[in-house]
Amino acid sequence: MKEISCKLLVIGAGPGGYVCAIRAGQLGVDTVIVEAGKPGGTCLNVGCIPSKALIHAAEEFEKVSHMAGGNSPLGISVTAPVLDLGKTVAWKDGIVSRLNSGVAGLLKKAGVKTVQGWATFRDGKTVAVETETGTQIIRAETIVIATGSAPVELPFLPFGGPVISSTDALALSEVPKKLAVVGGGYIGLELGMAFAKMGAKVTVVEALPRVLAQYDAELTRPVVKRLVALGVDVMLGAKAKGLSKKGDALLVETADGKSVEIAADKILVTVGRKPVTEGWGLDQIDLDRAGKFIKIDDQCRTSMRGIFAIGDVTGEPMLAHRAMAQGEMVAEIVAGDKRSWDKRSIPAVCFTDPELVTAGLSPEEAKAQGEIKIGLFPFAANGRAMTKLGEDGFVRVVARADNHLVLGIQAVGQGVSELAAAFGLALEMGARLEDIAGTIHAHPTQGEGFQEAALKALGHALHI
Ligand SMILES: Cc1cc2nc3c(=O)[nH]c(=O)nc-3n(C[C@H](O)[C@H](O)[C@H](O)COP(=O)(O)OP(=O)(O)OC[C@H]3O[C@@H](n4cnc5c(N)ncnc54)[C@H](O)[C@@H]3O)c2cc1C
């Protein structure tokens, strides 16, 4: 097969890689992207998009089920709904496949050449790709590693049979009657709550003393309350130990050292994700590491000249929009622009019920830097939240006490994921409390909670 030479080679077409390639193509850089699977990577195929589709379907099903129970304060009554998960999954697959084609089309439009297959480094400038029709050698001046991440497997609970990963959970044809979730982080709880809404009896086994331990307890309290309302059993300080002999139960050591069995048709293991650093010849190029990740500087350069790395393979937070922002920056650097990582915040959303959003510093982190002011506005005092039966939750703004510069913003509540844009913008633009308080927020919206939280921090909230 004829060798290909290009200026830029991107390995992996997840959100990091495909954005990098599109932007490079737009800037006239001769670019090739290699992908072993489908365009869009984890995020589009087995992550962000399919999980949010399933979560939405579960939400709708639960809403109607609640109405069928005769409990709707809205005065709506319906007969009991039926869920055909196979159909739901087919609908989700349709969205994924439309987006796959969309990404492929955008790459083509930007003039990027796509090579399908698994890439392996031969040296710092050469990659061999195993394609359907043979080995394709690609030589490039610059290479971007965007190989992403994969689910962590527990050695005593290997994936297979009843033990499933998040990828398998998104492709089930039936709702398990009993689902055990190992790991109470954001992926485990997003999926666990969705299956509970679809009718599964869910048990979450978490080794730490709290679920969603990366968030503060005040922020996660409404989620914990909702877990109880959905009938999800949460075992804290408990350790998964393995599968029962019959394969129909999860063996657990409880916080007080007792051994118990949790009956389960499926055991979903969501104990984290690991960077994909094996199988593509990292040993050939011997890059410096930061723990298990590839070490990068503020331009995403690795320890070898001409090789960049972006996205999940470079560390936390492992989020699609961080990967995309890095990809865009690297493309511009390769095209000759002066760029470096200067972002003030990478907002994070947890699509549990209710949703969580964080941007910038938490109150604890901010306190460590000096004196702060905090303003918290509850959705119980927000008209729009009431009309949506979404009174549980709040917006919290954290600012410097001396000059009121906003350092962090957090929210928990129904549908607050859409506030992430406002929070990110405020931090990126260096807003002060007065800027947010002085901006007219449309009424009635949950966004008013943001303005009120800033007013509260200034000592003169209007609606509490
Ligand atoms: C269930 C779930 C839900 C999630 N929800 C969210 C969310 O709501 N919001 C959010 O921001 N993030 C979410 N994430 C995380 C998000 O998916 C990742 O942060 C994001 O996909 C990382 O992008 P990336 O480009 O670094 O890598 P990836 O998306 O992992 O893509 C890497 C690509 O590289 C390819 N590849 C790897 N090695 C090679 C090779 N040698 N040759 C050829 N191709 C190769 C892989 O096939 C893959 O397609 C979720 C993840 C999961 C699992």
Side-chain angles (χ1 to χ4, degrees), residues 9-21 32-56 92 96 100 103 114-121 127-131 136 138 143-152 164-171 181 183 185-192 194 268-282 284 293-294 296 300 308-328 330 346-352 355-357 417 420:
L9 170 64
V10 181
I11 302 176
Y18 85 71
V19 165
C20 182
V32 175
I33 190 164
V34 185
E35 171 56 55
K38 291 191 179 158
T42 303
C43 173
L44 199 166
N45 294 289
V46 293
C48 327
I49 301 294
S51 64
K52 267 79 251 184
L54 209 70
I55 288 166
H56 178 68
K92 175 267 290 177
V96 169
N100 286 144
V103 172
T114 301
V115 175
Q116 170 88 38
W118 184 259
T120 312
F121 275 90
V127 158
V129 185
E130 293 314 318
T131 74
Q136 172 74 68
I138 307 176
I143 300 180
V144 175
I145 299 168
T147 51
S149 63
V152 169
I164 60 172
S165 67
S166 58
T167 301
D168 308 314
L170 295 168
V181 179
Y186 90 93
I187 295 179
L189 286 198
E190 283 186 7
L191 294 176
L268 169 61
V269 178
T270 50
V271 291
R273 295 185 59 82
K274 57 176 183 195
V276 174
T277 49
E278 280 169 19
W280 49 260
L282 180 54
Q284 297 298 318
F293 299 103
I294 295 178
I296 52 167
C300 290
F308 292 79
I310 57 174
D312 284 9
V313 77
T314 63
E316 298 286 356
M318 290 201 242
L319 292 171
H321 41 282
R322 169 177 174 268
M324 293 191 212
Q326 289 178 322
E328 188 198 30
V330 167
I346 303 170
V349 176
C350 175
F351 290 82
T352 42
E355 294 172 346
L356 299 172
V357 186
S417 52

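Just so you know, ligand 1 is whichever comes first in the structure, and atom 1 is the first atom listed for that ligand. Here, residue 1 is the first one in the sequence, and each next residue gets the next number.
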For [atom], what is the closest protein heavy atom, and at what distance to 0.1 Å?
{"atom": "atom 37 (C) of ligand 1", "result": "Thr147 O, 3.4 Å"}
{"atom": "atom 47 (O) of ligand 1", "result": "Glu35 OE2, 2.6 Å"}
{"atom": "atom 2 (C) of ligand 1", "result": "Gly47 CA, 3.4 Å"}
{"atom": "atom 25 (O) of ligand 1", "result": "Gly16 N, 2.9 Å"}
{"atom": "atom 28 (P) of ligand 1", "result": "Thr42 OG1, 3.5 Å"}
{"atom": "atom 41 (N) of ligand 1", "result": "Ala119 O, 3.0 Å"}
{"atom": "atom 11 (O) of ligand 1", "result": "Ala320 N, 2.9 Å"}
{"atom": "atom 9 (N) of ligand 1", "result": "Cys48 SG, 3.8 Å"}

Within the structure, is a non-hydrogen atom of [X] found at a distance of less than 4.0 Å from ligand 1?
{"X": "Arg273", "answer": "yes"}
{"X": "Gly117", "answer": "yes"}
{"X": "Glu190", "answer": "no"}

| Which of these, Ser417, Gly14, Pro15, Gly311, has its nearest heavy atom closest to atom 23 (O) of ligand 1? |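 Going through Ser417, Gly14, Pro15, Gly311 one by one, Pro15 has the nearest heavy atom to atom 23 (O) of ligand 1.
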| remark: A student comparing Phe121, Tyr186, Trp118, Phe351 should find that the heavy atom closest to atom 39 (C) of ligand 1 comes from Trp118
In Å, rounded to the nearest 0.5 Å, how long is the span from [atom1] of [X] to [atom2] of [Y]?
{"X": "Thr120", "Y": "Glu130", "atom1": "OG1", "atom2": "CD", "result": "6.5 Å"}
{"X": "Leu268", "Y": "Ser165", "atom1": "CG", "atom2": "OG", "result": "7.5 Å"}
{"X": "His56", "Y": "Lys92", "atom1": "NE2", "atom2": "NZ", "result": "15.5 Å"}

Which of the ligand 1 atoms, numbered from 1, are nearer than 4.0 Å to a heavy atom of [X]:
{"X": "Ala146", "result": "32 (C), 33 (C), 34 (O)"}
{"X": "His321", "result": "11 (O)"}
{"X": "Cys43", "result": "17 (O), 21 (O), 29 (O)"}
{"X": "Met318", "result": "15 (C), 19 (O)"}
{"X": "Asp312", "result": "18 (C), 19 (O), 20 (C), 22 (C), 26 (O)"}
{"X": "Gly148", "result": "26 (O), 27 (O), 28 (P), 30 (O), 32 (C)"}
{"X": "Leu319", "result": "10 (C), 11 (O), 12 (N), 19 (O)"}

Applying a 4.0 Å heavy-atom criterion (strictly less than), which segment of [X] is in contact with ligand 1: side chain, backbone, both, or neither?
{"X": "Lys52", "value": "side chain"}
{"X": "Ser149", "value": "backbone"}
{"X": "Ser51", "value": "side chain"}
{"X": "Ile11", "value": "side chain"}

Considering all heavy atoms, the nearest [X]-[Y] contact:
{"X": "Cys20", "Y": "Val10", "answer": "SG-CG2, 4.2 Å"}
{"X": "Cys43", "Y": "Pro15", "answer": "CB-CG, 3.6 Å"}
{"X": "Gln136", "Y": "Thr131", "answer": "CB-CG2, 4.0 Å"}
{"X": "Tyr186", "Y": "Met318", "answer": "OH-O, 4.4 Å"}
{"X": "Ile33", "Y": "Gly12", "answer": "CD1-O, 3.7 Å"}

| field | Any N or O of Ser166 closer than 3.5 Å to N or O of ligand 1 | value | no
| query | Backbone or side chain, does any N or O of Ala36 fall under 3.5 Å from an N or O of ligand 1? | reply | yes
| request: Flag the pair Glu316 and Arg322 as a salt bridge only when some basic side-chain nitrogen lies within less than 4.0 angstrom of an acidic carboxylate oxygen. | output: no
| task | Flag yes if more than 12 heavy atoms outside Lys52 fall under 6.0 Å of its NZ atom; otherwise flag no. | result |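 It does: Lys52 NZ has more than 12 such atoms within range.
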| task | Return yes when atom CD of Glu278 has more than 12 non-hydrogen atoms of other residues, nucleotides or ligands closer than 6.0 Å, and no otherwise. | result | no
| said: Could you go through Phe308 and Ile143, starting from their C-alpha distance and side-chain angles, then the distance that decides it, and tell me whether this counts as side-chain contact (heavy atoms from CB on, under 4.5 Å)? | reply: CA-CA 6 Å; Phe308 292 79; Ile143 300 180; over 6 Å; no
| message | I'd like to know whether Asn100 forms a side-chain contact (heavy atoms from CB on, under 4.5 Å) with Asn45, so could you lay out the CA-CA distance, the side-chain angles of the two residues, the decisive distance to 0.1 Å, and finally the verdict. | response | CA-CA 8 Å; Asn100 286 144; Asn45 294 289; 3.0 Å; yes
| said: Between Ser51 and Phe351, does the side-chain contact (heavy atoms from CB on, under 4.5 Å) criterion hold? Intermediate values first, please. | reply: CA-CA 9 Å; Ser51 64; Phe351 290 82; over 6 Å; no
| query | With Glu328, which residues qualify under salt bridge (Lys or Arg N to Asp or Glu O under 4.0 Å), at least two apart? | reply | none
